[in-house]
Peer 1: 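The structure that follows is given in the form of structure tokens.
These numbers were taken from a predicted model, which means no experiment stands behind them. Here is the naming used below: chain letters follow the sequence lines, and residue numbers restart at 1 for every chain.
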Number of protein chains: 2
Amino acid sequence: METIWFKKLTENGYRLTHPLKTVVEVFSTSKKSLSPIEIFELAKTKNPRIGLVSVYRSLEKLEEIHLVQRVHTPLGCQSFVPYSGKHEHLLLCSTCGAYQYFTGDELIGELMKTIAEKTGYEITDHWLQLFGKCPECQK
Amino acid sequence: METIWFKKLTENGYRLTHPLKTVVEVFSTSKKSLSPIEIFELAKTKNPRIGLVSVYRSLEKLEEIHLVQRVHTPLGCQSFVPYSGKHEHLLLCSTCGAYQYFTGDELIGELMKTIAEKTGYEITDHWLQLFGKCPECQK
DNA sequence: CTCTTTGCAAAAGTTTTGCACGCTC
DNA sequence: GAGCGTGCAAAACTTTTGCAAAGAG
């Protein structure tokens, strides 16, 4: 995963600096959604000189080229997960923050059409997330 | 709408103070989702003595008894809309912030069952929002 | 008259910005 | 070497908290 990310970053004209690489590394070794501060804490163990600001700036870049995605939950919207890239939807564990992707566009497509007709809206985007308990947290 | 809100607020032990009533009034006269500061600005025109803090505290109460709901969009998650109460989903205009509710649980229920089987997650909640252009903004 | 709620001010948190230096390409 | 990206410090916001005073029930 890291290699692909590094490639995409350079393709987009970004320099592979130590802080950026550390943030990528943190994402590729985590199974949970991570907030900027959590990323910062994890990054510091790999690179003690890193600053919080660089985490924010790295996230900005990664988000812009769709390598990460912000996660919205009832408890807050600061956390990020790697982007699946396949227009999939998120399933999140409310207990530990673990995430997983699933597809469901066939269903949504139909729904969007119906709602567009009913409301007169021109529907351009949709957003579906499921919440629950991951197998680990059910134990 | 206001009357029902006032009733539910007193039923829940809250006092009908001037600031609280003003915030309710703002919601019942708006068709857009509103952020705390937008609510504050609108409230000041009706009650110049109101403080921003009271807006936050009113929202807390209104959210707790499910009269309003926080709206999540790619652009931010500070805005609120009146809660439909019928477990419906939101359709939002990306341009002007107008909102509308729709139902679609039959479809989602099916999807949730499938995903639960596939992933081993115990799915407890779902979250669906559509984005688009309202009829007004298409003109 | 009691006790919740208010408005103010200040604190706490998070995110952004300015700037000189360092490191990537 | 040129110029993007860094770390630090400070600023800008948003949201929360402490407290005396006001006002709802």
Peer 1: May I ask you to say what A:K61 touches in the nucleic acid, namely base, sugar-phosphate or nothing, with a heavy-atom cut-off under 4.0 Å?
Peer 2: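 Sugar-phosphate only.
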Peer 1: Measure from the side-chain heavy atoms of B:P19 and tell me the nearest of D:dT15, C:dC25, C:dT6.
Peer 2: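 The nucleotide sitting nearest to the side chain is C:dT6.
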Peer 1: What is the distance from CG of B:L59 to P of D:dT16, rounded to the nearest Å?
Peer 2: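 One finds 10 Å between P of D:dT16 and CG of B:L59, rounded.
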Peer 1: Expressed as a whole number of angstroms, how long is the span from A:K21:NZ to C:dC23:P?
Peer 2: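 Rounded to the whole Å, the gap is 13 Å.
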Peer 1: Could you work out which one of C:dT15, D:dG25, D:dG5 sits closest to the side chain of A:L52?
Peer 2: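 Taking heavy atoms from C-beta onward, the closest nucleotide is C:dT15.
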Peer 1: Just by distance, no angles: are the side chains of B:T119 and A:Q100 close enough, under 3.5 Å, to form a donor-acceptor pair?
Peer 2: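 Checked: B:T119/A:Q100 side chains show no N/O donor-acceptor pair below 3.5 Å.
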Peer 1: How many whole angstroms separate atom CZ of A:F6 from atom P of C:dC25?
Peer 2: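 Going from A:F6 (CZ) to C:dC25 (P), I get 11 Å.
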Peer 1: In whole Å, I'd like the distance from the CD1 atom of A:I50 to the C1' atom of D:dG5.
Peer 2: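 Nearest whole value for this atom pair: 12 Å.
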Peer 1: Among A:E64, A:K8, A:K61, whose side chain to side chain donor-acceptor pair (under 3.5 Å) with A:Y14 holds?
Peer 2: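 Per the side chain to side chain donor-acceptor pair (under 3.5 Å) rule, the option paired with A:Y14 is A:E64, out of A:E64, A:K8, A:K61.
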Peer 1: How many whole angstroms separate atom NZ of B:K44 from atom P of C:dC8?
Peer 2: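 These atoms are roughly 10 Å apart.
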Peer 1: Can you tell me how far apart OG1 (A:T29) and NZ (A:K46) are? Round to the nearest 0.5 Å.
Peer 2: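 Spacing of OG1 (A:T29) from NZ (A:K46) equals 4.0 Å.
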Peer 1: Nearest-nucleotide wise, let me know which of A:S54 and B:C77 is further upstream toward the 5' end of DNA chain D.
Peer 2: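 Closest to the 5' end, via its nearest nucleotide, is A:S54.
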Peer 1: If you find the nucleotide of DNA chain D closest to B:R15 and the one closest to B:E60, which residue's nucleotide is nearer the 5' end?
Peer 2: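 That would be B:E60.
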Peer 1: Measure the distance from CG on A:N47 to P on D:dT6 and round it to the nearest whole Å.
Peer 2: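 Rounded to the whole Å, the gap is 11 Å.
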Peer 1: Roughly how far, to the nearest 0.5 Å, is CZ of A:F80 from OG of A:S35?
Peer 2: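 Going from OG on A:S35 over to CZ on A:F80, the span is 9.0 Å.
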Peer 1: Whole angstrom is fine here: how far is it from CD1 in A:I37 over to C1' in C:dA12?
Peer 2: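 Those two atoms, CD1 and C1', are 12 Å apart.
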Peer 1: Any side-chain N or O of A:T17 less than 4.0 Å from the OP1 or OP2 oxygen of C:dC23?
Peer 2: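 It does not, given that no N or O in the side chain of A:T17 lies less than 4.0 Å from OP1 or OP2 of C:dC23.
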Peer 1: Among the nucleotides D:dG25, C:dT17, C:dT15, which one has an atom lying closest to any side-chain atom of A:Q78?
Peer 2: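 So the nucleotide nearest the side chain must be C:dT15.
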Peer 1: The side chain of A:Y56 is closest to which nucleotide in this list: C:dG7, D:dG5, C:dT14?
Peer 2: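 So the side chain of A:Y56 is nearest to C:dT14.
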Peer 1: Of all the nucleotides listed (C:dT6, C:dT24, C:dT15), which has the minimum atom distance to the side chain of A:P36?
Peer 2: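 Comparing C:dT6, C:dT24, C:dT15 against the side chain of A:P36, the answer is C:dT15.
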Peer 1: When you measure only distances, ignoring hydrogens and angles, does the side chain of A:R57 come within 3.5 Å of the base of D:dG7 through a donor and an acceptor?
Peer 2: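 Present.
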Peer 1: Could you state the CZ-P distance from A:F40 to C:dG13, rounded to the nearest angstrom?
Peer 2: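 My rounded result for the distance is 16 Å.
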Peer 1: Taking the ring centre of each residue, are A:H89 and A:H126 less than 6.0 Å apart?
Peer 2: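 Distance test on ring centres: under 6.0 Å, yes.
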